[in-house]
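After the structure tokens below, expect a handful of questions from me.
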Amino acid sequence: MMTYGYEPEWSEGAIKTPLFLTSTFTFKTAEEGKAYFELAYGLRQKDKSEELGLIYSRINNPNLEILENRLCLWDKADDCAVFESGMSAISTVLLEFLKPGDLLLFSSPTYGGTDHFINHFLNKIGVDAIGFYPNQTKEEIIEMIEQTGKADRLSYIYIETPANPTNDLIDMSMCREIADAFSTADKSIGIAVDNTYMGPLWSSPLQHGADLVIYSATKYIGGHSDVIAGAVLGNADLIKRVKTLRTFLGNMASPHTCWLLLRSLETLKIRMEQQAKNAKKVARFLQNHTHVKEVLFLGSLDKSSRAYRIYKEQYNSSGAMISFRLEGGEKEAFRFLNHLKLIKLAVSLGSTESLVQHPASMTHAGVCPSLKMKIGITDDLVRLSVGVENSEDLIWDIQQALLAAYQVEKELLVYQ
Ligand SMILES: Cc1ncc(COP(=O)(O)O)c(C=O)c1O
């Protein structure tokens with residue numbers, strides 16, 4: 001993460017990759033320019049030793065390419081496409097692999113922005129979508145697809161696991177089996193997995209049957225709450241399609257965004273490991289608190305549950321995202337949030353500082369109310385992204401905010 005893909009002698013011995021703030025690149029000769037464009041437009045196959053030369057920063061740029069090469073190492077992917085946001089990565093993948101008339105199968109819950117894109121945009125362009133839930137079996141999902149009467153149009157499976165904000169796990173291998181069951185000789189159904197909650201350290205969806213893995217790089221990969229970005233990884237042919245659409249949508253990440261992410265990658269592993277360590281301690285504290293009804297955390301799964309089996313097979317850490325239900329509802333949850341002193345009340349996750357928010361009224365505010373109830377995004381739910389701070393400080397803050405939130409309640413009761 002510090003040196004791969006960059007040689008200091010390329011840039012005056014600079015130890016760090018310089019920021020290549022340039023929109024365009026000079027060609028040595030007109031023939032060279034022509035050869036690069038032939039490759040960029042797929043007019044001919046690449047020779048074995050040939051690399052796509054630098055053309056124009058909407059197509060490629062050294063900061064973009066070095067970052068993409070480094071990200072490939074974590075997921076053992078052939079290639080990677082970095083975007084200016086997680087949403088641009090998600091929407092570009094869905095637009096590339098779906099067309100009007102197709103049916104998309106997606107897991108629910110999913111990040112509110114993704115839910116909106118699927119349910120409010122894709123349907124406008126004639127793509128039907130059908131959601132499935134974490135507790136559904138393979139047979140139930142297959143039956144549900146068949147009951148739509150559109151099973152022959154199933155074209156793509158999109159899953160987010162662990163799901164934001166409930167930490168529900170979706171079995172990636174099961175989704176592969178579903179994809180294979182509906183694939184035909186002339187149609188192979190692809191699977192994309194949003195691995196933002198776990199990636200890239202704690203789960204490798206490409207090893208569990210996914211064709212593409214997607215990140216909001218704004219989260220752990222960026223990790224400092226100072227950049228918005230996204231990434232998609234997979235085999236060379238699929239990423240070529242994703243990059244081609246990215247070129248024409250023009251939603252690639254800027255050199256500055258990539259430079260910031262290169263800086264972030266150097267500490268990615270130690271940040272994530274510290275966050276996971278802290279999260280275990282915070283979750284333990286929450287589990288024993290009288291005003292906390294339920295803790296949704298991968299480290300607290302019931303060992304006899306299906307989720308635990310998936311966790312053991314497909315994940316190697318309990319991560320650093322904790323959601324929990326408080327006694328009461330929105331009023332109590334808001335009181336708790338308003339009394340926090342150290343933990344910041346803000347959306348986003350995966351950053352060095354701990355962040356807390358109220359999914360029902362914030363990140364998932366746009367999700368249809370009946371669906372929110374069905375998937376457990378209730379008014380008493382709080383989502384916490386654990387940072388790298390001293391865990392004792394975090395526990396102290398949660399403890400004092402809980403005390404203050406419910407103290408007020410008690411005082412009000414006495415007054416009444
Ligand atoms: C799981 C998940 N996927 C995708 C996104 C969208 O990413 P971005 O905000 O970088 O566009 C988010 C944002 O919160 C997210 O939590």
Side-chain angles (χ1 to χ4, degrees), residues 5 19-21 23 40 52 55-75 77-98 110-118 121-122 156 158-160 164 190 192-200 205-206 210-265 268 347-351:
L19 176 49
F20 287 85
L21 283 181
S23 58
L52 175 64
I55 299 177
Y56 181 64
S57 286
R58 177 157 47 76
I59 299 170
N60 52 11
N61 173 286
N63 294 113
L64 183 65
E65 290 193 346
I66 295 166
L67 172 65
E68 290 174 342
N69 291 342
R70 287 190 192 169
L71 283 172
C72 281
L73 299 180
W74 287 108
D75 279 288
D78 289 353
D79 203 358
C80 168
V82 171
F83 288 83
E84 199 55 51
S85 70
M87 274 318 300
S88 54
I90 293 165
S91 51
T92 303
V93 164
L94 293 175
L95 287 173
E96 175 57 30
F97 295 98
L98 289 164
T110 186
Y111 165 63
T114 309
D115 181 88
H116 188 91
F117 185 77
I118 291 175
F121 178 78
L122 287 184
Y156 212 72
Y158 179 91
I159 57 185
E160 182 181 300
N164 180 1
V193 175
D194 182 335
N195 192 33
T196 297
Y197 256 44
M198 280 296 180
L206 297 179
D211 297 292
L212 291 175
V213 54
I214 303 182
Y215 295 103
S216 164
T218 312
K219 311 297 178 336
Y220 290 102
I221 294 173
H224 294 71
S225 300
D226 56 7
V227 66
I228 300 276
V232 182
L233 297 104
N235 77 30
D237 291 342
L238 297 178
I239 297 299
K240 193 169 170 211
R241 285 180 60 179
V242 172
K243 280 188 173 170
T244 302
L245 184 58
R246 181 184 71 175
T247 294
F248 299 106
L249 293 177
N251 53 3
M252 71 297 154
S254 73
H256 185 242
T257 293
C258 298
W259 184 87
L260 282 170
L261 292 174
L262 284 170
R263 180 279 326 256
S264 293
L265 279 186
L268 178 71
V347 296
S348 202
L349 59 103
S351 297

d(Tyr197 OH, Leu349 CG) to nearest 0.5 Å is 6.0 Å
Note: Leu233 and Asp75 closest approach over all heavy atoms is CD1-OD2, 4.0 Å
- Is Pro200 close to Leu268 at the side-chain level, that is, under 4.5 Å between some pair of heavy atoms? yes
What one should report as the nearest heavy-atom pair of Ser254 and Glu84 is N-OE1, 2.7 Å
The test is side-chain contact (heavy atoms from CB on, under 4.5 Å); show your working for Val227 and Arg263 and say whether it passes. CA-CA 11 Å; Val227 66; Arg263 180 279 326 256; 5.6 Å; no
Rounding to 0.5 Å, atoms OH (Tyr156) and CD (Glu96) come to a distance of 9.5 Å
Next item on the list: Evaluate the side-chain proximity of Asp194 to Asn164: yes if any heavy-atom separation is below 4.5 Å, no if none is.
Entry: no
Donor-acceptor pair, distance only, cut-off 3.5 Å: does the side chain of Thr218 make one with the backbone of Ala229? yes
Quiz item: Are the side chain of Thr196 and the backbone N or O of Ser216 linked by a donor-acceptor pair below 3.5 Å?
Solution: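 Yes: the side chain of Thr196 pairs with the backbone of Ser216.
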| Has the side chain of Glu160 got a donor or acceptor atom that lies under 3.5 Å from a matching backbone atom of Tyr111? |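 Side chain of Glu160 to backbone of Tyr111, a donor-acceptor pair under 3.5 Å: yes, one is there.
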Please name the pair of heavy atoms, one in Leu64 and one in Arg246, separated by the smallest distance, quoted to 0.1 Å.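 Result for this residue pair: CD2-NH2, 3.7 Å.
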For Phe117, is the CZ atom crowded, meaning more than 12 foreign heavy atoms sit under 6.0 Å from it?
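Buried by this count: over 12 neighbours within 6.0 Å.
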Item to complete: Kindly determine whether Val242 and Phe83 satisfy side-chain contact (heavy atoms from CB on, under 4.5 Å), including the steps that lead there.
Response: CA-CA 10 Å; Val242 172; Phe83 288 83; 3.6 Å; yes
#### Entry: Closest heavy-atom pair and its distance - Leu212, Gly234
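That would be CD2-CA, 4.0 Å.
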Task: Leu265 vs Leu71 side-chain heavy atoms within contact, under 4.5 Å - done: yes
Checking the side chain of Glu68 only, and the main-chain atoms of Val82 only, is there a donor and an acceptor separated by less than 3.5 Å?
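Yes.
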inquiry  = Quick check against the 3.5 Å criterion: does Lys243 have a side-chain atom that pairs as donor or acceptor with the backbone of Cys80?
reply    = yes
- Item | Ile90: which of Val232, Thr114, Leu95 passes side-chain contact (heavy atoms from CB on, under 4.5 Å) |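 By the side-chain contact (heavy atoms from CB on, under 4.5 Å) criterion, Ile90 pairs with just one of Val232, Thr114, Leu95: Thr114.
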| request: List the atom of Ile118, the atom of Leu94, and the distance in Å for their closest heavy-atom pair. | output: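 Distance-wise, the nearest heavy atoms are CG1-CD1, 4.1 Å.
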**Study point:** Flag side-chain contact, heavy atom, 4.5 Å: Asp211 against Asn235
**Key:** no
Rounded to the nearest 0.5 angstrom, the CZ-NE2 distance for Phe20 and His256 is 14.5 Å
Just verifying a value: how many Å separate Leu67 CG and Trp259 CH2, rounded to the nearest 0.5 Å?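 Rounded to the nearest 0.5 Å, the CG-CH2 separation comes to 13.0 Å.
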Checklist entry - So, for Tyr215 and Ala89, which heavy atoms are closest and what is the spacing to 0.1 Å? => result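 The pair with the smallest heavy-atom distance is O-CB, 4.5 Å.
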If I take atom CH2 from residue Trp74 and atom CG from residue Asn195, how far apart are they, to the nearest 0.5 angstrom?
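The CH2 atom of Trp74 sits 12.5 Å away from the CG atom of Asn195.
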Between atom CD1 of Ile239 and atom OG1 of Thr244, what is the distance when rounded to the nearest 0.5 Å?
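Going from CD1 on Ile239 over to OG1 on Thr244, the span is 10.5 Å.
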Q.
Regarding Asn251 and Thr92, do their side chains bring together a donor and an acceptor under 3.5 Å, going by distance alone?
A.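 Side chains of Asn251 and Thr92: pair found under 3.5 Å.
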